[in-house]
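As structure tokens, the structure follows; a few thoughts come after it.
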Number of protein chains: 2
Amino acid sequence: MPTPLDSDDLLNALRDAGARITKPRRIIIQILADKGDEHPDAMDIFRRAVRQDSRISLPTVYRTLKMLEEHGAIQRHAFVDGRSRYEPADGPHHDHLIDMDTGAVIEFQSEKIERLQEEIARELGYEIVHHRLELYGRKTKV
Amino acid sequence: MPTPLDSDDLLNALRDAGARITKPRRIIIQILADKGDEHPDAMDIFRRAVRQDSRISLPTVYRTLKMLEEHGAIQRHAFVDGRSRYEPADGPHHDHLIDMDTGAVIEFQSEKIERLQEEIARELGYEIVHHRLELYGRKTKV
DNA sequence: TATGTAAATGCAAATTATTTGCAATAAGGA
DNA sequence: TCCTTATTGCAAATAATTTGCATTTACATA
Ligand SMILES: [Mn+2]
Ligand SMILES: [Mn+2]
Ligand SMILES: [Zn+2]
Ligand SMILES: [Zn+2]
């Protein structure tokens, strides 16, 4: 669903923030932009990063992720399994369906649900700043 | 919204599970059933428990909560702040709106949203086992 | 009511994901 | 190329929750 976003966009987010483009950051960003594996957690990213440069450290992965998140370049999701998972904050808003058997994360969007949420909040006298909607399920048997 | 549920119902949940009704459990359950403070976290419960019996321990609070959760007597929610919060699993299903300024937790239910979720999952070939819907917002200015 | 046994407890230590202090390194403007 | 300062890697700190183990307690039975 999300519109394409490549390494360069994430690198620019850092540059705009006046941050230095270091080798570790370049590698981490490249991994985040990879459409191959989506919603990786910090350890996933670390393991892949080490393959490109064995002296990268886990704290640097966390620090880079936090920095990118603070600049709105990536989003962090905390699903029920504990760890945080990350994804480039490009395309339009979407929510997630998690396959309880495989751990696969499927994205979806529902204008209707979004609208209903706003409506409910308004009725309660609130304005939504952000929300979290996660469906946990299993593939329907044929 | 939830239908009233008192200490006895929770105590019975333990009895049914063949568990012993100990003093710490009695106290913890009484705190959970208290309509006064809803969605307390483990530390909230521990602090209140200690007032009734100073030798209660935090591990016992956690162990009791886990046991009650496993037997479906209480529900655990992990909101964005990290800690888990608990509530008796009595009344009908509901979701939560969290006041970002005060931390207050407001309950709501939406048949429409629940139905839309099912629909979305079905279209994706899934059956929902459980879900998490949390709205984070601020009171609308008058 | 007294008693034996397994379940439950309290304490201290372990766990897990993430963060932080600090000395060494490296990015990038001058 | 050089200088300054941000960034790094490492080790140690956090914070919430869990676990090992010796001691206590609930409660079924006598
Ligand atoms: Mn996503
Ligand atoms: Mn609730
Ligand atoms: Zn949404
Ligand atoms: Zn719901």
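All chains are named by letter (A, B, ...) in the order of the sequence lines, taking the proteins before the strands, and each is independently numbered beginning at 1.
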Side-chain donor-acceptor contact under 3.5 Å, B:Q109 with B:H94: no
Length of the line joining B:L14:CG and D:dA26:P, which is rounded to integer Å: 14 Å
Closest-nucleotide 5' rank along DNA chain D - winner of A:M67 and A:P59: A:M67
Phosphate contact (C:dT18 OP1 or OP2) by A:K66 side-chain N/O below 4.0 Å: no
Atom pair distance, as rounded to whole Å: CE in A:M43 and C1' in C:dT19: 14 Å
Short side-chain donor-acceptor distance under 3.5 Å, A:E87 and A:H39: yes
Near-ring test A:H131/A:H93, centroid separation under 6.0 angstrom: yes
Given C:dC11, C:dA8, C:dT19, the nucleotide with the shortest approach to the side chain of B:R25: C:dA8
Ionic contact status for A:D53 with A:K23, cut-off 4.0 Å: yes
From D:dC10, C:dG10, C:dT18, nucleotide with atom closest to A:R63 side chain: D:dC10
Atom-pair distance (CD1 on A:I56; C1' on C:dT25), nearest Å: 15 Å
Side-chain N or O of B:Y62 closer than 4.0 Å to phosphate OP1/OP2 of D:dT17: yes
Reported CG-to-CD1 distance for the pair A:D34 and A:I31, which is rounded to 0.5 angstrom: 8.5 Å
Contact nearer the 5' end of DNA chain D, comparing A:V61 with B:G82: A:V61
Length of the CZ-C1' vector between B:F46 and D:dA16, whole Å: 14 Å
Interatomic distance, B:I29 CD1 vs C:dA8 P [rounded to whole Å]: 12 Å
Salt bridge (charged side-chain N to carboxylate O under 4.0 Å, His left out) assessment of B:R132 paired with B:D95: CA-CA 7 Å; B:R132 174 152 84 165; B:D95 294 295; over 6 Å; no
Donor-acceptor pair between A:Y126 and B:D99 side chains, under 3.5 angstrom: yes
Bend angle of the helix from C:dT1-D:dA30 to C:dA30-D:dT1, end axes from five pairs each (to 10°): 30°
With B:I27, the side chain to side chain contact (heavy atoms under 4.5 Å, CB included) member among B:L32, B:T64, B:V61, B:I56: B:I56
Residue-phosphate contact under 4.0 Å: B:T60 side-chain N/O, C:dG10 OP1/OP2: yes
Whole-Å distance separating the CZ atom of B:R83 from the P atom of D:dT18: 15 Å
Protein-nucleotide distance (B:L65, atom CG; C:dT9, atom P), rounded to Å: 12 Å
Atom pairs under 3.5 Å: protein N/O with N/O of nucleotides 26-30 of chain C:
{"unit_1": "C:dA27", "atom_1": "N3", "unit_2": "A:R20", "atom_2": "NH1", "d": "2.9"}
{"unit_1": "C:dG28", "atom_1": "OP1", "unit_2": "A:I21", "atom_2": "N", "d": "2.8"}

ring-ring contact (aromatic ring centres under 6.0 Å, His included) between B:H96 and B:F108, intermediate numbers included: CA-CA 6 Å; B:H96 301 95; B:F108 68 85; 7.7 Å; no
B:D81 CG to D:dA15 P, straight-line distance once rounded to whole Å: 14 Å
Partners meeting side chain to side chain donor-acceptor pair (under 3.5 Å) with B:H130 (sequence neighbours left out): none
